[in-house]
*Asks:* 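This is the structure, below, for whatever I ask next.
A, B, ... follow the sequence lines: proteins, then strands. Residue 1 opens every chain.
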Amino acid sequence: MGSNMAENHPVGFQWVMEARERGARVFHVDPRFTRTSAMATDWIGIRAGSDIAFLGGVVNYIVEHERYFEDYVKSYTNAPVIIDESFEDTEDLDGFFSGWDPEQGEYDVRSWQYAGMEVHGAAGQREEGFQPTRGEASGHGGHGGGLEHGEPPEEDETLQHPHCAFQLLKRHFSRYTPELVSETCGCSVEQFLAYCEAICDNSGPDRTGAFCYAVGWTQHTVGVQYIRTAAIIQQLLGNIGRPGGGIMALRGHASIQGSTDIPTLYNILPGYLPMPHTETYGDHDSYMEANTSPTGWWGNFESYWVSLMKAYFGEHATRENDWLFRKLPRIDDDNSAYWTTLQMLDGNVKGYLIAGENPAVGNTHSKLHRLALAKLDWLVVRDVVEIESAAFWYDSPEIESGELKTEEIPTEIFFLPAAAHTEKDGSFTNTQRLLQWHWQATEPKEDARSELWFYFHLGRLIKQRLADSDEPRDELVKALRWEYPTHSQIQEPDAESVLAEISGWEISTGEYLDGYPKLKPDGSTVCGCWIYCGSYKDGVNQPARKKPRWEQSYVAPEWAWSWPANRRMLYNRASADPDGKPWSERKQYVSWDADDRVWSGLDVPDFKEDKPPDYVPPDDAKAEDAIAGVHPFIMQADGRSWLFVPQGLEDGPLPTHYEPHESPFDNPFYAQRANPRRQQFPRPENPYNPVNGQPGSDAFPYVATTYRLTEHHTAGGMSRFVPYLAELQPAMFCEVSPELAAEAGLVHGDWATIYSTRSAIEARVLVTDRIPPVEVQGRKTHQVGLPYHWGSRGLTTGGSANDLSAVVLDPNVHIQEVKAFSVGIRPGRRPRGRALAEFVERVREDANGS
Amino acid sequence: MAAEPTVTPHAWPGSYGDDAKERVGFFTDTSVCIGCKACEVACKEWNLVPEDGLVWTGESYDNTSELGANTWRHVAFVEQNEPLRLDGDQPDALRWLMSSDVCKHCTHAACLDVCPTGALFRTEYGTVVIQDDVCNGCGYCVPACPFGVIDRREGDGRAFKCTLCYDRLGLDLLPACAKACPTGSISFGPLDEMEAKARARLDRLRGEGVSDARLYGTPDAGGEGVGGTGSIFLLLDRPEVYGLPSEPAAPSRDLAGAWGAAAVAASALVLGVVAAVLGGRRR
């Protein structure tokens, strides 16, 4: 669901094929019948943007029919935990949870907390009282809040208490009947029930099932809650931490996992440590306090933090200067990519560096991005070809329409050629947290240079220039530890030396560390990323290991290296029962060896090796010692997986079906139509289409969804310019059903113009049964499929699908909603030149209900 | 039933003697093809085959259309309103067949038969390869191929087609397409092993109720007219559905018979003329 795995992960998909060949049922639930559907055993068509309704229906089915894995749910999840009595559900408040502040447009989460807990941001008391960890400030997911000693004080093991998490869950999803699912999603009740039966039949001690998802789930204003619903299903079915189970995020880029681990995100530091914040963390001690959970492995936050500072700054970071904490840059709320782009549009951003990305095509409302880039003083673009983001100033729809004039654009653009992945050493971190090394096959040509070369020499030159500066603001750059050996004529930095620094060593001995438990808060260890600690264990490039799978167990621990600690499956203590015995012979993975008094098995146990299943933490226990022997979810403060999420999420402790921001429908579940917490940016340059019922909404009756094709790669920089790929999909096209074609007068093979209040693009028409209309709330609704790879440059050029979508984001992670939005469509090519701008202007005027 | 071909190649293994290798070939199992086109790209990358035209066809996801001088692997896409499995009984069922076509490296290869220069030859592996430094671009091979595989390259004039990665075989490497295929749809090896694998796969699918599954390219399944091929397929529908000829035959199979018939006709003509002349003399 929410993915097209055969299309976008063809090599990984071979294992799904293998499973199918061995009798696995493969369900593909998607608005379109894709190359994945063609290989599945079952395809269920649903409306784009209705997945929470579908999945919520599955939760309801599991609970109503008592198909949940009872022992697992009772022992390993927070099902028994009693929630604060002031909590009110969407059932009570017609689509809102308790604590909604309409003026602030956000939730006060106090009523979502565990009953009897005085929850703080982390440990310790605060003068002002309650300080919840917020999205930005808490890095990734809130770390489970502050629990006194790992155990919530109020629980009901029978799961009957009306305010226990299980009963709240049950009540919340009771509305998600098969009939309402069918009405909302457009699938039949039979199809839905067949799916529920199949996954329930395939769960329990002897069987597990897995979800695979991608941006079909995340790119919504309720994206995080999509994942949450799947997480609830998998917890209820006992499918987390067990072989063949889990929820696999299919990342869309060879190393995008790596780009969050060693982040290119604004709000986190390596290993998901939160970026310091201006408001809340004015000083080092507060920052430590806020982020050190009293329980679980986040209890050692300080060790991870200090080791990172030693990696960055070497001997310049000392306890006396709080490891240079005060000097670090800070965030002050949402400084994410879209926010920055809007600042750019307002002239508040002077310079920008784009590396290996193409926002002029790949970001939502890509037209807005091109207009924003034209406001910069300077722009640096590093890529293998001159992408649209570098060429917008002379080649773009806005130059064609006259909205931008080359001679009036003040931006000075530096286009720097980048080396391809075959021209450099490095690693990819993939969807399974696997670091795999790759070696340089050939030298880059002429001026093309790798990222490592660029940033290393840039830093070196900047440090050189600032060497004699007395400015306080230059202290941090001067303090950077910046010695890496280089080789070859172009002085390419040694990539392995960077890996070694990321993995870390003990300063006094130079000994490479074998895992994050060895990290210290006293400045004696260096580690660039605590979850990668051990990847250079024994001075060996662990990610470079290539032992074939047929020479080892199916877990293949000696192929490459997985974070953390080469553990291949997280939370694998859950593959054993509370007594430490495997749930079944068939699904054994890690279990307690009563003779040797250790956990062992097919993988590195995700549990303190010598902690017995019957361990009960003493009252003053800290960090991982505060987690009981029966609780596998060691990164959570209470060691349990969370059916009900008391904190860390902006839009609710439980997932709720909300309509996409632009939808032809009202919400069939509640009066509240869309996610009340979604991030909107209402401004003239970012207009929203009117929605169901509003005047002007008739102009946009169709649900558009964007997606990828196998033949092209994301925003097209790596495929549209390559002859062998360009010829496989040589034109932008839209996919429409025969009924939609008939209704809108579209001719297969001819052209269509697709438009919204943002812009209009043209595309060839591909009429196909594979994107059927859906019957929703008694209305037949058509969907328009739009691959998003095209731009104005390359061997194959065409309209950018992202020119049609708006900037409206999920509140937890600021991801754009491009999987479901509304459009209009008409036959024929789009207007050209000035007429295009005028056409869009008319569309906007009509939409404003004139 | 096609006539037994009368033009029998003797180049392999006969003329190779001890240098003859096991005959090799492909088994393409279309039931696991995900239509990724890695085979098309890998082939072009290895063999430096030129780009073949940036033309959007609207034929489902197939913008390659057919094999030719500049396309040696071609993935066909066929959208059907059929259930995925035989036992599927959903209304509005959808099925999407995908198949990677390639040169058949026929046992009785018509292209090889008609080539006047000897550019086309049978290798020690039993495959059919063009020596591009011998080919004079006469084009006789083009209409001879019953599958429409071979063609002359525009701007160059010579004929080009799949070499079954002749240069890789010598190093014990898999052909590029087989190497790249992620699901094992394309397998490669000794031809008798490929045939055994294909038959086993067919039995398994038929056993699972996929009654439309069939082989293509063996002597008893579509390959009679060319004596069987070196590229065996498992299809999920009739060959025509995939754009493959249902009863391909080497036109050159009737060559001996054609000469014989021509000889008979010529004799008859001579006799007729003689008779007419003699008859005419009586007057």
*Asks:* Should we say atom NE2 of A/His438 is surrounded by more than 12 heavy atoms from elsewhere, each under 6.0 Å from it?
*Replies:* yes
*Asks:* At under 4.5 Å between heavy atoms, what parts of residues 33-71 of chain B are in contact with chain A? List them by residue number.
*Replies:* B/Cys33, B/Ile34, B/Gly35, B/Cys36, B/Lys37, B/Glu40, B/Val41, B/Lys44, B/Glu45, B/Leu48, B/Val49, B/Pro50, B/Glu51, B/Asp52, B/Gly53, B/Leu54, B/Val55, B/Trp56, B/Gly58, B/Ser60, B/Tyr61, B/Asn63, B/Thr64
*Asks:* Side chain from CB out, backbone as N, CA, C, O: work out which of these in A/Glu190 comes under 4.5 Å of a heavy atom of chain B, or both, or neither.
*Replies:* neither
*Asks:* Quick one: which residues of residues 161-177 of chain B reach chain A at under 4.5 angstrom, heavy atoms only?
*Replies:* none
*Asks:* Above 12 or not: heavy atoms from other molecules or residues under 6.0 Å from CD of B/Glu154?
*Replies:* no
*Asks:* Using a 6.0 Å cut-off, check whether atom NZ of A/Lys546 has over 12 heavy atoms from anything other than its own residue.
*Replies:* yes
*Asks:* Measure distances from A/Thr768 to the heavy atoms of chain B and classify the residue's part below 4.5 Å as side chain, backbone, both or neither.
*Replies:* both
*Asks:* Provide the closest heavy-atom pair for A/Arg20 versus B/Ser31 in the form atom of the first, atom of the second, distance.
*Replies:* NH2-O, 3.4 Å
*Asks:* Look up atom CZ in B/Arg95 and atom CH2 in A/Trp43, then write down how far apart they are to the nearest 0.5 Å.
*Replies:* 15.5 Å
*Asks:* Considering residues, nucleotides and ligands other than B/Lys179, do more than 12 of their heavy atoms fall under 6.0 Å from its NZ?
*Replies:* no
*Asks:* I'd like to check the salt bridge (Lys or Arg N to Asp or Glu O under 4.0 Å) partners of A/Arg47; sequence neighbours left out, ordered by chain and number.
*Replies:* A/Glu659
*Asks:* Determine the minimum heavy-atom distance between A/Gln14 and B/Thr183, stating which atoms define it.
*Replies:* CB-CA, 4.1 Å
*Asks:* Measure across B/Leu94 and A/Arg770 and return the closest heavy-atom pair with its distance rounded to 0.1 Å.
*Replies:* CD1-CA, 4.1 Å
*Asks:* Quick check on A/Val765 against chain B: is it the side chain, the backbone, both or neither that has a heavy atom closer than 4.5 Å?
*Replies:* backbone
*Asks:* Under a 4.5 Å heavy-atom cut-off, does chain B meet the side chain of A/Glu735, its backbone, both or neither?
*Replies:* side chain
*Asks:* Measuring heavy-atom distances to chain B, does A/Leu725 have an atom under 4.5 Å in its side chain, in its backbone, in both, or in neither?
*Replies:* side chain
*Asks:* Heavy-atom pairs under 4.5 Å with chain B: which of A/Val11, A/Val722, A/Asp769 has the most?
*Replies:* A/Asp769
*Asks:* For A/Arg829, what residues pass the side chain to side chain contact (heavy atoms under 4.5 Å, CB included) criterion, not counting sequence neighbours?
*Replies:* A/Trp751, A/Glu762, A/Arg832
